[in-house]
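In this chain, numbering begins with 1 at the start of the sequence shown. Just so we're clear, the structure is a prediction, and the values are computed from it rather than from any experiment.
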Amino acid sequence: MSALERRYRRLLAWYPKDHRAQHEEEMLAVLLAASSPGQSRPAWRDALDVLRGGLAIRLRRIVPTASRRRWRAATDLAALLAPLTLFGVSLSQATAYAGRSAFDLALPALAHALPYGLIALLAWLGRRRAAIACAWAMAALAAGMTTAELLSLPEGTIVVGDVLQVSGRPLIAASVLLSALPACMCAAMLTLTPSPGPGPVGSRRLAAWTGGVLAARLVGILVGGAFGVVLMLAALGTVAVMALRSSVGRRTTAVLTPFLLVAVRPSWFTDVAGLTAIAVATAALLGVTAWLARTAETA
């Protein structure tokens, strides 16, 4: 047995035992046939493919097919709710500014809300590619606007923005990255999800839930005071209870929670490390759930 064959057999040990019993010799023959004369170590691409294939089969066996289908429905729904959330947040800001007659601030907030309404509509109608293109365009626009705003400030100016405090230009890159984080996360969710849409929830039911939450939020802003807060909490609580009653709803909540922490963050949450940790955790979660969703297609 050559050194190359021994190393390939060690890599093939990542596959389950019964799978190796049926396919190991065939896979080994293919790998050895593709190797170069005198080669003693597996090429890194071949090694990565073997490891990825073995882990994928083991993960498929850990997560049942029915569960993977529910994860697919959850990721599809979460990807649709992401632009709807950004639409609702910007629309709420525009309403709040308009209620204080600050129309110079209300119009930009409304202009920011409308594209996300369009992205959500495109995703809802099954125009996935158009929704993805618009979402990444909004992320690039957010990064570009933040860059232009910060570069126009004098050196050493302290900026207290929506995301973090920046002192001087060395931290401009971090500021741009984090200010565009919600838009980037939204675009990534749409990109990784097989087919964003209402899924098993149904278009009518999701439209009713979304309309109810938005209406409660807008009325709460206009009315103000404790009544507005209670009204919003009641609407969110009702939707949360209904969502957590189903397996797809619980999975959707898990996928969407990191995004909500960034998109609807408290005014005091300006910690760079915290937001970065959320971004990393979200990327890992989206990677796993997107894989589960896509394997459900071929299950």
Side-chain angles (χ1 to χ4, degrees), residues 71-94 108-150 161-164 172-199 206 210 251-265 269 272 274-294 297:
W71 277 111
R72 170 174 176 155
T75 55
D76 287 344
L77 181 57
L80 175 60
L81 291 176
L84 278 175
T85 300
L86 294 179
F87 171 74
V89 170
S90 298
L91 187 63
S92 299
Q93 292 175 347
L110 181 61
H112 186 267
L114 293 179
Y116 281 106
L118 174 62
I119 292 170
L121 179 62
L122 290 172
W124 203 310
L125 296 177
R127 305 292 182 88
R128 178 174 176 270
R129 292 184 178 179
I132 292 171
C134 292
W136 283 115
M138 285 298 293
L141 180 62
M145 291 179 64
T146 305
T147 303
E149 181 180 356
L150 292 178
D162 292 335
V163 178
L164 74 165
I172 284 180
S175 177
V176 171
L177 176 64
L178 294 180
S179 64
L181 186 57
C184 290
M185 291 170 65
C186 174
M189 292 175 72
L190 288 167
T191 303
L192 294 174
T193 303
S195 54
L206 184 60
T210 304
R251 286 169 169 80
T252 304
T253 303
V255 176
L256 200 60
T257 296
F259 170 78
L260 293 176
L261 291 176
V262 174
V264 194
R265 63 185 179 276
F269 190 10
V272 179
L275 289 172
T276 304
I278 290 175
V280 172
T282 303
L285 179 62
L286 286 179
V288 173
T289 55
W291 179 83
L292 290 172
R294 292 186 180 278
E297 293 181 295

Problem set entry | Partners meeting side chain to side chain donor-acceptor pair (under 3.5 Å) with Arg128 (sequence neighbours left out) |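 For Arg128, no residue satisfies side chain to side chain donor-acceptor pair (under 3.5 Å) once neighbours in sequence are set aside.
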Nearest-0.5 Å distance, [atom1] of residue [X] to [atom2] of residue [Y]:
X: Trp136; Y: Leu190; atom1: CH2; atom2: CG; answer: 9.5 Å
X: Leu84; Y: Thr210; atom1: CG; atom2: OG1; answer: 5.0 Å
X: Leu256; Y: Leu77; atom1: CG; atom2: CG; answer: 8.0 Å

Considering all heavy atoms of both residues, which atom of [X] and which atom of [Y] are nearest to each other, and what is their separation?
X: Trp71; Y: Arg251; answer: NE1-NE, 3.3 Å
X: Met185; Y: Phe259; answer: CE-CA, 3.4 Å
X: Ala254; Y: Leu285; answer: O-CD2, 3.2 Å
X: Leu86; Y: Cys186; answer: CD1-CB, 3.9 Å
X: Leu80; Y: Pro198; answer: CD2-N, 3.7 Å
X: Thr75; Y: Pro194; answer: OG1-CD, 4.4 Å

Exercise. Can you list every salt bridge (Lys or Arg N to Asp or Glu O under 4.0 Å) pair that touches residues 73-89, not counting sequence neighbours?
Worked result: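 Found Arg72-Asp76.
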Name the atoms and distances for all side-chain donor-acceptor pairs under 3.5 Å in residues 112-124, with sequence neighbours left out.
{"unit_1": "His112", "atom_1": "ND1", "unit_2": "Ser90", "atom_2": "OG", "d": "2.7"}
{"unit_1": "Trp124", "atom_1": "NE1", "unit_2": "Ser203", "atom_2": "OG", "d": "3.2"}

Exercise. Between Leu206 and Leu81, does a side-chain contact (heavy atoms from CB on, under 4.5 Å) hold up when you go through it step by step?
Worked result: CA-CA 10 Å; Leu206 184 60; Leu81 291 176; 4.0 Å; yes
